[in-house]
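Have a look at the structure below before the remarks.
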Amino acid sequence: MTRLKQDDIYQISKSLEQLDMELMAKTGLTLRGIACAASGVDEGQTSGSIAGITAAVVPVTAGLGIISGFSDTVSAILKHIGFSSFTTDSTDAGGVSEAFLRRADLLLMADDHCFTALNLGNLKVVDNAEATARGFVAGLERMSGGFDRKTVLVLGCGPVGSAAAIALIQRGARVALFDLVRERAEALATELPTGIATVVKTDLDTALMKYNHLIDATPSGAFIKARHISVKTIAAGPGVPVGLDSDALSTMNDRFLHDPLETGVATMAVLAAFGGISCSGNAHRERT
Ligand code: 2YH
């Protein structure tokens, strides 16, 4: 399980304009555009109503407790993409109560295992792991110019990797799966739609040398080296920490998409407000 740290998030709120510029350069979309693409929502249809949707973010003290700045950062991301948003003054049950009393439309809250967005009007539930996967897959698709006849190597077959594999197949990609626990990759392969050529890779180095399109959904850092990267490599990294080492990263330029929180949060909220998926199967699993 990856628990975000204050260091992972403290600069996010003041870097959102910069993130939009980087995303535009990489994908031709802003953060809201990626969230809409991931959610199957026409961005133009959100612009008139998104500011009228209020999201409450509730700090949660359970388990390892509050991450300083986490709720305010989530709130800042939501404001940046156009929602009205606030962090509740109270934590936990008091915060949930406050969200209802202030007539919030969406409620977002995270403990150590589950980060969820709830639509209080229509009872839609969106899990961060699935939304994160969908956001990064949408971004990778844009960077790749579409997935037709392409195979994407999914590293890590936990909740994010599993949801990424499903989203990739829905968008027309073929999928190769790798997990350090081979049985996890094999189990996922059996759950994916039949008729799609899905392969399970057992040797990480060989797989990284073979495939040009990657989703790194692992909680491991710096295991992808420069020798694994070619000029054709295009990668998305929802995993924290980043799987590419500094040499590999320096060769990627605009062909690597990563953020620790922004894409997942934006996609959760757009799905909860305008799209909607039921994520009950993932509701108690961690991000990677
Ligand atoms: O970072 C995390 C978990 N890894 C989320 C797992 C989701 N799949 N949780 C954030 C905890 C936030 C804290 N409770 C707060 O500040 O409210």
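We count ligands from 1, going down the list as the structure has it; atoms in each ligand are counted the same way. Numbers here simply count residues along the sequence, with the first being 1. Everything numeric in this text was worked out from a predicted model, so none of it was measured.
- Contacts with ligand 1 closer than 4.0 Å are made by side-chain heavy atoms of F70 only, the backbone lying farther away.
- Residue-ligand proximity, I67 to ligand 1, at heavy-atom distances under 4.0 Å covers atoms 10 (C), 11 (C), 12 (C), 13 (C), 15 (C), 16 (O).
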### Task
Please report the C-alpha distance between T61 and D92 in whole Å, then the side-chain angles of each, then the deciding distance to 0.1 Å, and finally whether the side-chain hydrogen bond (donor to acceptor under 3.5 Å, both in side chains) criterion is met.
CA-CA 7 Å; T61 64; D92 307 301; 2.7 Å; yes
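- Taking a cut-off of under 4.0 Å to the non-hydrogen atoms of P59, the atoms of ligand 1 that pass are 17 (O).
- When non-hydrogen atoms are compared, ligand 1 lies under 4.0 Å from neither the backbone nor the side chain of D127.
- The closest approach between a heavy atom of G65 and any atom of ligand 1 is below 4.0 Å.
- Geometrically, ligand 1 and I66 share no nitrogen or oxygen pair separated by less than 3.5 Å.
- Considering backbone and side-chain N/O of N128, none are found under 3.5 Å from N/O of ligand 1.
- On a distance-only criterion, T2 and ligand 1 share at least one N/O pair closer than 3.5 Å.
- Residues T87 and S71 bring no donor and acceptor atom of their side chains to less than 3.5 Å of each other.
- In this structure, the ring of F70 has its center less than 6.0 angstrom from the ring center of F115.
- I169 pairs with exactly one of T198, V137, V152 by the side chain to side chain contact (heavy atoms under 4.5 Å, CB included) rule, that one being T198.
- F256 and L19 are assigned to two separate hydrophobic clusters, defined by single-linkage of ILVMFWY side chains at heavy-atom distances under 4.5 Å.
- Backbone and side-chain nitrogen or oxygen atoms of V60 are examined, and one is located within less than 3.5 angstrom of a nitrogen or oxygen of ligand 1.
- Across C114, P260, A110, heavy-atom proximity to atom 12 (C) of ligand 1 is greatest for A110.
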#### Entry: Stepwise salt bridge (charged side-chain N to carboxylate O under 4.0 Å, His left out) check, D205 with R227
CA-CA 10 Å; D205 194 62; R227 65 190 165 81; 2.7 Å; yes
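- Judged purely by atom type and a 3.5 angstrom limit, T2 uses its side chain to pair as donor or acceptor with the backbone of V240.
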### Task
Walk me through it: do D20 and H80 pass the test side-chain hydrogen bond (donor to acceptor under 3.5 Å, both in side chains)?
CA-CA 10 Å; D20 268 344; H80 176 74; 2.6 Å; yes
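- Counting heavy atoms closer than 4.0 Å to ligand 1, residue D112 contributes backbone atoms (N, CA, C, O) but none from C-beta onward.
- The distance from ligand 1 to the heavy atoms of F115 drops below 4.0 Å at these ligand atoms: 7 (C).
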